[in-house]
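Computation of the quantities below employed the complete heavy-atom set of this structure, encompassing side-chain atoms and omitting hydrogens, waters and symmetry-equivalent molecules.
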Amino acid sequence: MELSVLRHSCSHIMAMAVKELWPDVHLAIGPSIEDGFYYDFDKKEPFSDDDLAKIEQKMLEIIRKDEPFVREELKRKDALELFGRLGETYKTALINEIPDESVSIYKTGSDFVDLCRGPHIESSGKIKAFKLLSLAGAYWHGIETNPMLQRIYGTCFESQKELDDYLSDLEQAKLRDHRKLGPALELYDLYQDEAGPGLVFYHPKGAMVRKLIEDYEKEEHLKRGYKMVITPHIMQAGLWQKSGHYDFYKENMYTFKIEEKEFVLKPMNCPGHILIYKSKIRSYRELPVRFFELGTVYRHEKAGVLHGLLRVRGFTQDDAHVFCLPAQLKSEIRAIIDFVFSTMKVFGFDSMDIELSTRPEKSIGSDDDWRQATGGLEESLKELGLKYDINEGDGAFYGPKIDIKLKDALKRSWQCATIQCDFALPKRFNLTYVDADGKEKQPIMLHRVLLGSVERFIACLTEHYAGAFPLWLAPVQAVIIPLKEAQIEYAAQVKQALDENFIRTEVDSRNETLDRKIREAEMSKAPYILVLGGREQKAGTVSVRKRKAGDQGSVPLQEFIANLKLQIAHREH
RNA sequence: GCUGGAGUAGCUCAGUCGGUAGAGCACGUCCUUGGUAAGGACGGGGUCACGGGUUCAAUUCCCGUCUCCAGCUCCA
């Protein structure tokens with residue numbers, strides 16, 4: 001049986017339980033979703049956490065009674081009459097949205113009836129393992145201006161074991177939460193009360209991780225023919241009016257006045273790159289022009305959407321803009337996709353999903369431009385033989401985009417890379433190049449990020465690795481532990497030798513027991529621990545303890561260094 | 001922004017049915033010199049998120065604000 005059918009039926013049973021407990025509650029919708037199901041209710045008093053237990057109890061009773069799910073077809077006017085009589089106004093609203101002349105309903109037990117397409121399980125007794133998970137508010141039909149309903153989330157599996165595994169996965173994910181791990185590992189933190197919400201502070205270790213990411217990116221962009229640029233953090237409002245961002249996102253932009261002139265804290269890097277492109281006459285010979293910037297931008301996101309490093313108000317994009325000839329469009333897109341894949345591989349991600357997002361309702365540019373832009377993206381994907389889903393109407397206001405979502409160690413999806421094809425801004429800013437025939441023509445502009453926001457990507461990495469970064473990314477690659485005071489001097493020598501080889505170390509010379517220092521070094525997730533006792537000192541060796549693998553015995557210092565340098569050079573995982 | 005929940009030491013939390021607070025870890029000092037995941041003793045540390053109100057007295061009750069959490073909506 002389909003899991004979604006089981007879950008959908010379970011949501012009916014939940015609705016039935018709620019109706020038995022609170023008869024005046026009105027039902028909205030209750031579908032199955034990726035990890036379970038929910039049902040939206042209209043109830044005056046809010047549900048409490050205790051109510052969840054009560055509802056579960058009632059559901060168990062219904063399941064024990066093994067009530068059949070009975071399907072009936074009704075003429076729409078009969079259905080309207082039925083749900084009207086029951087006072088289920090959300091159901092009558094739904095019926096009015098269904099074009100068909102007849103609709104189906106499902107009856108369970110003596111009183112419960114729900115408008116539903118089905119299918120369902122035969123009877124409630126088929127539910128073997130379920131759990132209600134959480135309460136939330138949700139707008140009717142998901143529209144912000146509609147009344148808010150109360151949603152109960154739950155999940156259901158075919159066996160108790162699968163349910164237990166799912167719940168334990170949730171626990172695992174919680175343990176990896178970057179909002180806990182980041183501060184605990186002294187990587188980064190936010191100081192909401194003092195600095196304001198959504199602003200990230202990198203502590204030394206987090207700043208090191210970021211430096212390593214940035215080093216990789218700069219090196220790789222230069223290798224792939226990008227030129228680095230740097231643009232200011234504030235620019236006059238007129239520039240944003242011209243680009244269209246001002247009209248679309250004014251509410252989310254930080255604006256202020258200086259000497260009567262309005263300025264904007266940059267929320268995007270594109271206008272800056274456009275100005276640089278426009279700084280001189282461009283020949284078709286020099287295209288494609290590729291500008292790369294680690295551009296820090298500020299967006300005034302609504303308070304309720306902020307989330308750790310995933311959704312912040314100040315962040316840095318690994319942003320690039322490619323200005324190219326129409327004939328170069330597809331090869332440039334393919335090159336970017338290749339860049340995304342190779343970058344993700346370097347950071348330890350193997351699995352990715354691709355989505356193509358098309359023209360949204362509110363947008364700029366002509367139909368023809370949109371057709372060409374979307375076609376360019378789609379054909380490139382096809383040429384590369386990549387599978388993708390279409391996300392209708394989810395493009396940027398100036399162009400369609402390819403989103404590449406990576407899957408982490410817990411198979412969770414993260415939106416990072418995006419490639420946007422833009423005919424609109426080149427037109428708005430009157431970008432040109434001189435073609436072979438001497439005529440001025442308009443280049444196509446590609447916007448793209450690989451990691452997206454560096455902040456977001458660091459959060460993703462933190463959760464993917466559960467804080468145990470691979471050697472090349474680890475902020476501290478080895479913790480050096482002198483066994484006794486007599487080895488502090490030797491520890492300093494070892495540290496210096498490692499320093500000279502650009503291996504990042506810390507010496508723990510505190511007056512603590514070896515066990516404690518090892519415990520703390522392990523908890524800091526350092527890839528290596530070097531224990532230095534009298535034996536090592538005498539022999540010029542280091543006793544190597546590898547993260548997760550444990551004690552590896554003693555090796556000569558130079559051998560250890562050579563081994564690490566090799567691993568780091570290959571960016572091994 | 002919306003719905004619901006929450007804010008007590010650096011962290012995890014207890015507590016006060018109104019009389020200005022406590023544990024473990026962390027931190028400091030001393031003792032201990034330990035061979036691969038927590039040695040011992042003592043000690044310092046709090047405007048109980050912030051602002052107002054009620055009260056002889058507010059961390060506790062009331063109102064407002066801020067921030068966080070679970071979602072919804074949004075994400076150039």
| said: Any donor-acceptor pair under 3.5 Å linking the side-chain atoms of A:Tyr166 with those of A:Glu171? | reply: no

| task | Respond yes when some side-chain nitrogen or oxygen of A:Lys484 is under 4.0 Å from OP1 or OP2 of B:rG35, and no when none is. | result | no

| message | Students often get this wrong, so: under 4.0 angstrom with heavy atoms, is A:Gly550 touching a base, only sugar-phosphate, or nothing? | response | nothing

| said: Checking side-chain polar atoms at under 3.5 Å, does A:Tyr528 have a donor or acceptor matched by the opposite partner on A:Gln552? | reply: no

| field | Integer-rounded Å distance: B:rA26 P and A:Lys517 NZ | value | 15 Å

| field | Touch class at under 4.0 angstrom, heavy-atom based, for A:Asp515 against every strand present | value | sugar-phosphate

| Gap between atoms CG and C1', on A:Leu309 and B:rC68 respectively (whole Å) | 15 Å

| request: Write down the distance between CG (A:Leu175) and P (B:rU12), rounded to a whole number of angstrom. | output: 14 Å

| Where the side chain of A:Gln192 is concerned, which of B:rG39, B:rC68, B:rA26 is the nearest nucleotide? | B:rC68

| field | Nearest-Å distance once atom C1' is located in both B:rC56 and B:rU20 | value | 15 Å

| query | A:Arg456 near the nucleic acid: base, sugar-phosphate alone, or nothing, with a heavy-atom cut-off under 4.0 Å? | reply | nothing

| message | Suppose you measure atom C1' in B:rG46 against the same atom in B:rU8; what distance do you get, rounded to whole Å? | response | 8 Å

| field | Euclidean distance for C1', B:rA26 against B:rG43 (whole angstrom) | value | 14 Å

| request: Would you check if there is a donor-acceptor pair between the side chains of A:Asp403 and A:Thr418 at a distance under 3.5 Å? | output: yes

| Stepwise, does the side chain to side chain donor-acceptor pair (under 3.5 Å) test hold for A:Tyr188 with A:Glu455? | CA-CA 10 Å; A:Tyr188 44 79; A:Glu455 282 71 14; over 6 Å; no

| said: For A:Phe339 and A:His221: C-alpha separation, side-chain torsions, deciding distance, then whether ring-ring contact (aromatic ring centres under 6.0 Å, His included) applies. | reply: CA-CA 9 Å; A:Phe339 198 173; A:His221 276 86; 4.7 Å; yes

| field | A:Asp51 CG to B:rG5 P, straight-line distance once rounded to whole Å | value | 11 Å

| query | Just checking A:Lys180: base, sugar-phosphate only, or nothing, at a heavy-atom cut-off of under 4.0 Å? | reply | sugar-phosphate

| request: Dot-bracket notation for RNA chain B is requested: 5' to 3', Watson-Crick or G-U wobble pairs only, both distances under 3.5 Å, with ( ), [ ], | and . as defined. | output: (((((((..((((.....[..)))).(((((.......))))).....(((((..]....))))))))))))....

| request: Determine whether any donor atom in the side chain of A:Glu536 lies under 3.5 Å from an acceptor atom in the base of B:rG35, or the reverse, and answer yes or no. | output: yes

| request: Determine, for A:Arg547 against A:Glu522, whether the closest basic-nitrogen to carboxylate-oxygen distance falls under 4.0 angstrom. | output: no

| request: Using whole Å, report how far CG of A:Leu52 lies from C1' of B:rG5. | output: 12 Å

| Atom-pair distance (CZ on A:Arg516; P on B:rA38), nearest Å | 9 Å

| said: Please determine whether a side-chain nitrogen of the Lys or Arg among A:Asp515 and A:Lys517 lies less than 4.0 Å from a carboxylate oxygen of the Asp or Glu. | reply: no

| query | Just how far, in rounded Å, is C1' of B:rU3 from CD of A:Glu45? | reply | 14 Å

| field | Between B:rA21 and B:rC48 - P atom distance, rounded Å | value | 10 Å

| request: Determine the minimum heavy-atom distance between A:Gly376 and A:Leu329, stating which atoms define it. | output: CA-CD2, 4.0 Å

| query | On a whole-Å scale, what distance lies between the C1' atoms belonging to B:rU54 and B:rC62? | reply | 7 Å

| salt bridge (Lys or Arg N to Asp or Glu O under 4.0 Å) partners of A:Lys484, counting only residues at least two apart | none

| note | Contact string for nucleotides 71-76 of chain B, one letter per nucleotide 5' to 3', B = base within protein heavy-atom range under 4.0 Å, S = sugar-phosphate only, - = neither, reads BBBBBB

| query | On a whole-Å scale, what distance lies between the P atoms belonging to B:rG24 and B:rG19? | reply | 24 Å

| Roughly how many Å is it from CD in A:Glu194 to P in B:rC50, rounded to a whole number? | 12 Å

| remark: The single option from A:Lys405, A:Lys407, A:Lys411 that satisfies salt bridge (Lys or Arg N to Asp or Glu O under 4.0 Å) with A:Asp353 is A:Lys407

